[in-house]
S.K.: 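What follows is a structure written as C-alpha cells; I'll ask about it next.
Residues: numbered from 1 along the sequence shown.
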Amino acid sequence: MKAVYEERQHYLTRELKKLGYHFVDPQGAFYVYVEVPTAFTGSANDYTDVLAEKAKVATIPGDAFEAGGSRYFRISYATSLDNLKLAIKRLTHFLAKESITN
C-alpha cells in the first residue's frame, strides 16, 4: 500500500504543479495542503465552495484545521488513481475557464 500511496502522491503533486498551484510537500499524510491562488480574492472556504460547485472537486478548507484566515485547502489522495485523474481533469478545465491562477 505504501507504494500505491506514493504513486498517487507523486501524481497529484506533479499535476498540481503543472496547474500552477503551490503547496506544502506532504509529510506522511494522505493529502496535499494547497495554497489558494493569489488571484482568488475570497477565503479558502469560498474557494473550496467554488471548486465543489464549478469544478465538481471536493476539497476541505484549511480553516477546518487551523485558526481562521487560512489561504490553504486540502486535497486527499486516499482515493483511486482514476479518481485523482478525474479531479485533475476537472481542475484543468475549471482553471482554464475561470482564469484563476497563481
Side-chain angles (χ1 to χ4, degrees):
M1 280 310 297
K2 182 180 178 185
V4 170
Y5 282 117
E6 284 178 350
E7 176 188 12
R8 293 173 189 171
Q9 174 194 343
H10 293 306
Y11 170 78
L12 184 58
T13 55
R14 180 182 66 244
E15 296 302 315
L16 289 171
K17 281 181 188 176
K18 287 180 186 176
L19 292 175
Y21 281 107
H22 301 280
F23 52 85
V24 178
D25 286 323
Q27 300 291 317
F30 296 107
Y31 61 86
V32 181
Y33 207 48
V34 185
E35 186 176 5
V36 173
T38 54
F40 187 80
T41 58
S43 69
N45 282 328
D46 297 334
Y47 193 70
T48 60
D49 287 347
V50 168
L51 289 181
E53 182 181 321
K54 293 186 177 184
K56 306 298 185 219
V57 175
T59 59
I60 301 172
D63 287 344
F65 308 100
E66 61 182 90
S70 175
R71 290 292 296 167
Y72 287 84
F73 64 94
R74 284 184 180 187
I75 186 166
S76 175
Y77 53 88
T79 188
S80 70
L81 189 56
D82 286 341
N83 283 343
L84 293 175
K85 288 179 179 180
L86 180 58
I88 291 298
K89 180 179 177 180
R90 289 176 176 178
L91 284 172
T92 301
H93 179 72
F94 165 75
L95 291 171
K97 186 174 164 184
E98 298 296 322
S99 300
I100 301 173
T101 60
N102 274 325

S.K.: I'd like to check the side chain to side chain contact (heavy atoms under 4.5 Å, CB included) partners of R71; sequence neighbours left out, ordered by chain and number.
M.R.: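 Only V36 meet the side chain to side chain contact (heavy atoms under 4.5 Å, CB included) criterion with R71.
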S.K.: Hey, what do you get for CG (L16) to CG (L84), rounding to the nearest 0.5 Å?
M.R.: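 Between atom CG of L16 and atom CG of L84 there are 9.5 Å.
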S.K.: Report the residues that fulfil ring-ring contact (aromatic ring centres under 6.0 Å, His included) with F23, sequence neighbours left out, ordered by chain and then residue number.
M.R.: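 With neighbours one apart ignored, the set is empty.
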S.K.: Which residues pass the side chain to side chain contact (heavy atoms under 4.5 Å, CB included) test with F30, sequence neighbours left out?
M.R.: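 Once residues adjacent in sequence are excluded, the partners of F30 under the side chain to side chain contact (heavy atoms under 4.5 Å, CB included) criterion are Y5, Y77, A78.
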S.K.: Just so I know, are the side chains of N45 and F73 near enough to count as touching, which here means a heavy-atom distance under 4.5 Å?
M.R.: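 No, every pair of side-chain atoms sits at 4.5 Å or beyond.
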S.K.: Using side-chain heavy atoms (C-beta onward) and a distance below 4.5 Å, is I88 in contact with V57?
M.R.: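 Answer no - side chains too far apart.
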S.K.: Hydrophobic clusters join Ile, Leu, Val, Met, Phe, Trp and Tyr when side-chain heavy atoms are under 4.5 Å apart, directly or via other members; which others share one with F65?
M.R.: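 Its cluster mates, by chain and number, are I60.
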S.K.: Within this structure, what is the CD-OG distance for the pair Q9 and S76, rounded to the nearest 0.5 Å?
M.R.: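 Reported to 0.5 Å precision, the distance equals 11.5 Å.
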S.K.: Using the test side chain to side chain contact (heavy atoms under 4.5 Å, CB included), find all partners of E7 that sit at least two apart in sequence or belong to another chain.
M.R.: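 By the side chain to side chain contact (heavy atoms under 4.5 Å, CB included) rule, E7 matches L81.
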S.K.: Which residues pass the side-chain hydrogen bond (donor to acceptor under 3.5 Å, both in side chains) test with T92, sequence neighbours left out?
M.R.: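 T92: no side-chain hydrogen bond (donor to acceptor under 3.5 Å, both in side chains) contacts found.
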S.K.: Tell me every residue that passes side-chain hydrogen bond (donor to acceptor under 3.5 Å, both in side chains) with K18, counting only those two or more places apart in sequence or in another chain.
M.R.: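 In terms of side-chain hydrogen bond (donor to acceptor under 3.5 Å, both in side chains), with neighbours along the sequence ignored, K18 is linked to E15.
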S.K.: By side-chain hydrogen bond (donor to acceptor under 3.5 Å, both in side chains), which residues pair with Y31, not counting sequence neighbours?
M.R.: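 Per chain and number, Y31 pairs via side-chain hydrogen bond (donor to acceptor under 3.5 Å, both in side chains) with R74.
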S.K.: Quick one: list whatever passes side-chain hydrogen bond (donor to acceptor under 3.5 Å, both in side chains) with D49, sequence neighbours left out.
M.R.: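 Expected list: none.
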S.K.: With heavy-atom distances below 4.5 Å as the criterion, would you say the side chains of D25 and V32 are in contact?
M.R.: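 With C-beta onward as the side chain, the pair stays apart.
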S.K.: Go through the structure and list residues passing ring-ring contact (aromatic ring centres under 6.0 Å, His included) with Y11, not counting sequence neighbours.
M.R.: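 Y11 satisfies ring-ring contact (aromatic ring centres under 6.0 Å, His included) with no other residue.
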S.K.: I need the L51 CG to D46 CG distance, nearest 0.5 Å.
M.R.: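 Reported value, rounded in 0.5 Å steps: 11.0 Å.
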S.K.: Which residues satisfy the salt bridge (Lys or Arg N to Asp or Glu O under 4.0 Å) test with K54, sequence neighbours excluded?
M.R.: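 By the salt bridge (Lys or Arg N to Asp or Glu O under 4.0 Å) rule, K54 matches E98.
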S.K.: Does atom NE2 of H93 have more than 12 heavy-atom neighbours from other groups under 6.0 Å away?
M.R.: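 It does not: H93 NE2 has 12 such atoms or fewer within range.
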S.K.: Quick one: CZ on F40 to CD on E35, what's the gap to the nearest 0.5 Å?
M.R.: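 Here the interatomic distance stands at 13.5 Å.
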S.K.: Any side-chain heavy atom of Y21 sitting closer than 4.5 Å to one from P37?
M.R.: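 A side-chain contact under 4.5 Å exists here.
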S.K.: Once side chain to side chain contact (heavy atoms under 4.5 Å, CB included) is applied, do any residues pair with S70, and if so which ones, sequence neighbours excluded?
M.R.: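 Only Y33, D63, E66, Y72 meet the side chain to side chain contact (heavy atoms under 4.5 Å, CB included) criterion with S70.
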